[in-house]
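Mind looking over this structure? Questions follow.
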Amino acid sequence: MATISEVLSRERATPCGDSWLIDTELLLMEALACRRETLLTWPDREVDADAQQRFDAMIARRRGGEPIAYIVESREFWDFSLTVSPAVLIPRPETELLVETCLELLSARAGAQRVVDLGTGSGAIAIALARADVRFEVVGVELSAEALAIAQTNAERLAGDTLRFVQGSWLDASVCTALGGAVDLIASNPPYIAPGDAHLGRGDLRFEPALALSCAEQGLASILSIVEDCHKVLKKGGWLVLEHGFDQRDAVAAILTRAGFAEINCLKDLAGQDRVTRAHYN
Ligand SMILES: C[S@@+](CC[C@H](N)C(=O)[O-])C[C@H]1O[C@@H](n2cnc3c(N)ncnc32)[C@H](O)[C@@H]1O
């Protein structure tokens, strides 16, 4: 039986990219069901045969390029940890900017607020908003039944009964009926990568659902559909907050302007990239 320090040294000797050591530690923590402190303070602890087998299986998947989040079946987002599977996009730190923007807009409004998260995936945005304030009644909309099952599992653990989900496509007739009335804010991180974009063939994106990543019209088809149908449910004076590609700011602003939105502002993510646009519905 090898010790923690022996297992880690063996992996350290295998050059496999900058994040390899971090990944190795994460997978060993998962195999041993322990915290990082254990790896650091108890290097002589023996890794039993079952844990070694679990670790070897996970390392083999990681070497095959599989995202660490799918291997350990979780990802931190906002102030909680979400269960994830290959049925959902792995929530990104950039999307926290969208949550922050929604919270700022919602907090400035009085009374109960009806909020919709279009393309909820793992439920990341909807759960963050529902947890923030009991005044927010949140509905997560999702086309994929498999993704919706993950969102529901996460919501049961992390959110209360101010959050519910609807299966359907963006703001089509059946979704609008299920929403059951006018809403104050629509948030969405829709697919926005153009089909054929080189990024789709790299890194984690190779393993994520195509439905979550790309769409037609150079990646703008989902945003076009959402903006076009907003008027069906968005209150006058309500807000639309969209995540989009770093190079889509002007195209998104043009779509919103054509649809009659005002106060269109694009915000930059922590990497300094144009990432989230908010727009006021008059
Ligand atoms: C970029 S992912 C965002 C997931 C999650 N909101 C997040 O930020 O991590 C886009 C999501 O939109 C969903 N989606 C794609 N087309 C859709 C449609 N027509 N109607 C509703 N959801 C759709 C995908 O299944 C996916 O879960």
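Start at 1 with the first residue, then count along the sequence. In each ligand, atom 1 is the first atom listed, and ligand 1 is the first ligand listed.
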Near ligand 1 (heavy atom, under 4.0 angstrom), the protein residues are Leu89, Pro91, Thr95, Gly119, Thr120, Gly121, Ile125, Glu142, Leu143, Gly168, Ser169, Trp170, Asn189, Pro190, Pro191, Leu211, Ala212
Side-chain donor-acceptor pairs under 3.5 Å in residues 27-35, sequence neighbours left out?
none

Next on the checklist: Does this structure show an ion pair linking Glu243 with Arg92, if we count only N-O contacts that are shorter than 4.0 Å?
Outcome noted: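 A salt bridge is absent here (no side-chain N lies under 4.0 Å from a carboxylate O).
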Would you list the atom pairs, donor with acceptor, under 3.5 Å between side chains in residues 252-267 and any protein atom, with sequence neighbours excluded?
from: Thr257; atom 1: OG1; to: Ala253; atom 2: O; distance (Å): 2.7
from: Glu263; atom 1: OE2; to: His280; atom 2: ND1; distance (Å): 3.2

Side-chain donor/acceptor of Glu46 to backbone N/O of Asp48, under 3.5 Å =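 No, the answer is negative, given that no donor and acceptor are paired below the 3.5 Å cut-off.
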His231 meets the ring pair (Phe, Tyr, Trp, His ring centres under 6.0 Å) criterion, sequence neighbours left out, with none
Arg202 side chain to Arg206 main-chain N or O, any donor-acceptor pair under 3.5 Å? no
